Asker: 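Okay, handing you the structure first.
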Amino acid sequence: MPGSSVTPHQWATVRAALRDTGDRFAHLLHANADASTRATAHWTVAQTAAHVGSIAWLYRALIAAEPLTPPVPGFGELARSLTVETIYQVNDLLLAHFTERAPDALGTGLRADIAHILTITDGRDPATPVAWLGGARIPVAGLLAHLLNEILIHGWDIARAARLRWDLPSDQAALFLDLFVVGMLRESYGRLLDNDEPPRQRRIAVRIRSPHTRAVTLVLHRGRVTVEDPAPDADATVTVDPAVFNLMMFGRIGKLRAVLSGGVRIHGRRPWVVPTLLRTVRFPNQPSPLSASQHVR
């Protein structure tokens with residue numbers, strides 16, 4: 001099945017990209033003098049950088065199968081109950097215990113955590129699943145790709161606010177789709193994608209492809225999403241530039257802008273089914289006002 005393994009090239013690429021992008025993020029924080037600048041609708045530069053740091057801190061523990069140090073009371077129970085709509089709650093909880101807000105210190109800490117993650121995963125099978133949020137299970141390579149994507153997206157937030165340059169390479173953005181999204185859908189997404197829509201009885205099949213990813217077909221049937229090999233009878237095909245697609249799916253640019261730029265193209269015999277699929281296979285958008293109000297420093 002597609003995505004059932006991580007190629008040596010993908011593993012080497014995501015590791016190198018994570019190290020390089022972590023370094024770029026640290027330099028970005030050093031170049032941005034005002035940590036109180038708004039980086040998103042609700043988070044400052046300092047809060048945004050702390051959020052990224054808290055994810056690296058969390059992943060050190062998850063990959064090593066160790067408890068968070070210092071401990072975060074209630075984390076395990078909350079993490080298992082999350083869906084995409086409530087994932088902000090774990091951000092709130094982590095940020096309440098991850099209290100560093102100085103940009104230079106956050107950059108240094110992020111680089112150290114990435115170095116540690118790369119050390120403990122050196123020689124490890126990158127397809128080994130790790131328990132994640134909402135009962136999902138993610139391949140180790142997918143966790144690295146997710147952390148990479150967090151750095152890319154939030155680096156984009158900070159750079160835009162500070163009017164600094166930030167490259168978001170499409171080949172690096174593609175690793176999030178290939179290793180994290182497809183990897184999670186193949187392993188288990190637990191309750192993470194649960195929503196209130198009644199299950200559709202009719203099967204929807206949408207092929208996703210780009211010059212930087214392995215083409216796959218995502219199938220939504222009776223409320224569950226699975227991954228299949230690309231098939232000529234798919235209802236629709238979505239051809240993406242992964243950098244544009246990720247920015248769109250995380251609410252950084254609008255759907256119309258993504259389409260007009262050519263970064264997302266939809267065609268096929270039933271293109272109108274694509275929004276239905278994307279209401280299930282969805283990503284968190286902007287941080288919640290609750291996160292901002294609780295963690296201003």
Side-chain angles (χ1 to χ4, degrees), residues 15 18-19 21-23 25-26 28-30 32 35-36 39-40 42-84 86-122 124 128-138 140 142-151 153-155 157-158 180 190-192 284 287-297:
R15 292 171 64 82
L18 182 58
R19 180 184 290 109
T21 306
D23 287 344
F25 191 84
L28 177 65
L29 294 180
H30 180 72
N32 183 69
S36 65
T40 72
H42 303 296
W43 277 359
T44 65
V45 167
Q47 291 168 308
T48 304
H51 166 66
V52 172
S54 72
I55 295 173
W57 173 52
L58 171 64
Y59 284 7
R60 281 185 58 155
L62 292 183
I63 292 170
E66 296 174 350
L68 279 163
T69 304
V72 178
F75 171 79
E77 182 179 355
L78 174 63
R80 288 188 292 272
S81 69
L82 294 173
T83 67
V84 168
T86 60
I87 207 165
Y88 70 88
Q89 295 174 5
V90 84
N91 294 335
D92 292 338
L93 184 61
L94 288 175
L95 284 172
H97 291 78
F98 188 90
T99 56
E100 181 61 71
R101 295 295 183 272
D104 281 349
L106 286 165
T108 299
L110 177 65
R111 294 174 72 177
D113 282 340
I114 288 173
H116 184 77
I117 287 169
L118 294 176
T119 296
I120 64 177
T121 56
D122 188 22
R124 189 165 175 179
T128 303
V130 176
W132 199 63
L133 307 177
R137 291 175 62 80
I138 314 292
V140 168
L143 280 189
L144 270 61
H146 181 269
L147 178 56
L148 170 64
N149 188 66
E150 289 288 316
I151 298 170
I153 294 291
H154 290 300
D157 290 334
I158 292 171
F180 177 79
R191 59 169 300 170
L192 195 67
S288 69
L290 177 63
S291 302
S293 65
Q294 285 189 340
H295 305 300
V296 173
R297 292 290 187 271

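Nothing here was measured: the structure is a model prediction, and the numbers come from that model.
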Asker: What heavy-atom pair brings Leu29 and Ala49 nearest, and what distance separates the two atoms?
Answerer: CD2-CB, 3.7 Å
Asker: Is a side-chain donor or acceptor of Thr21 paired with a backbone partner of Leu18 at a separation under 3.5 angstrom?
Answerer: no
Asker: Are side-chain heavy atoms of Ile55 and Ile151 found at a separation under 4.5 Å?
Answerer: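 Contact flag for Ile55/Ile151 side chains = no.
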Asker: Mark yes or no for whether Trp57, through its side chain, and Thr69, through its backbone, hold a donor-acceptor pair below 3.5 Å.
Answerer: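 It does hold such a pair.
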Asker: Are Leu62 and Ile138 close enough, and set up right, to give a side chain to side chain contact (heavy atoms under 4.5 Å, CB included), and what steps lead you there?
Answerer: CA-CA 11 Å; Leu62 292 183; Ile138 314 292; over 6 Å; no
Asker: Identify the two heavy atoms, one from Pro284 and one from Ile87, that lie closest to each other, and give their separation to 0.1 Å.
Answerer: CG-CG2, 3.6 Å
Asker: With the side chain counted from C-beta on, respond yes when Phe25 and Ile158 share a heavy-atom pair under 4.5 Å apart, and no when they do not.
Answerer: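 Yes, at least one pair of side-chain atoms sits under 4.5 Å.
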Asker: Hey, can you tell me if His146 and Phe180 have their rings parallel, tilted or perpendicular (30° and 60° cut-offs)?
Answerer: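 Tilted.
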Asker: Return yes if some donor-acceptor pair links the side-chain N/O of Glu66 with the main-chain N/O of Leu68 below 3.5 Å, else return no.
Answerer: no
Asker: Please walk me through it: do Phe75 and Leu58 pass side chain to side chain contact (heavy atoms under 4.5 Å, CB included)?
Answerer: CA-CA 11 Å; Phe75 171 79; Leu58 171 64; 3.4 Å; yes
Asker: Please walk me through it: do Ile63 and Arg124 pass side chain to side chain contact (heavy atoms under 4.5 Å, CB included)?
Answerer: CA-CA 10 Å; Ile63 292 170; Arg124 189 165 175 179; 3.2 Å; yes
Asker: What pair of heavy atoms forms the shortest contact from Arg19 to Ile114, and how long is it?
Answerer: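 Shortest heavy-atom contact: CA-CG2, 4.2 Å.
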Asker: Please name the pair of heavy atoms, one in His97 and one in Pro71, separated by the smallest distance, quoted to 0.1 Å.
Answerer: CD2-O, 3.8 Å
Asker: Could you check if a side-chain atom of Leu93 sits within less than 4.5 angstrom of a side-chain atom of Gln89, using non-hydrogen atoms only?
Answerer: no
Asker: What are the two closest heavy atoms between Asp113 and Ala56, and how far apart are they?
Answerer: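 Looks like CB-CB, 3.9 Å.
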Asker: Would you please say whether a donor-acceptor pair under 3.5 Å links the side chains of Gln47 and Thr44?
Answerer: yes
Asker: Report yes if the distance between the aromatic ring centroids of His51 and Phe98 is under 6.0 Å, otherwise no.
Answerer: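 When the ring centroids of His51 and Phe98 are compared, they turn out to be at least 6.0 Å apart.
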Asker: Does the Arg15 side chain pair with the main chain of Leu118, one donor and one acceptor, at a distance under 3.5 Å?
Answerer: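 Such a contact is found between Arg15 side chain and Leu118 backbone.
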Asker: Please report the shortest heavy-atom distance between Leu82 and Arg191, naming the atom on each side.
Answerer: O-CG, 3.6 Å
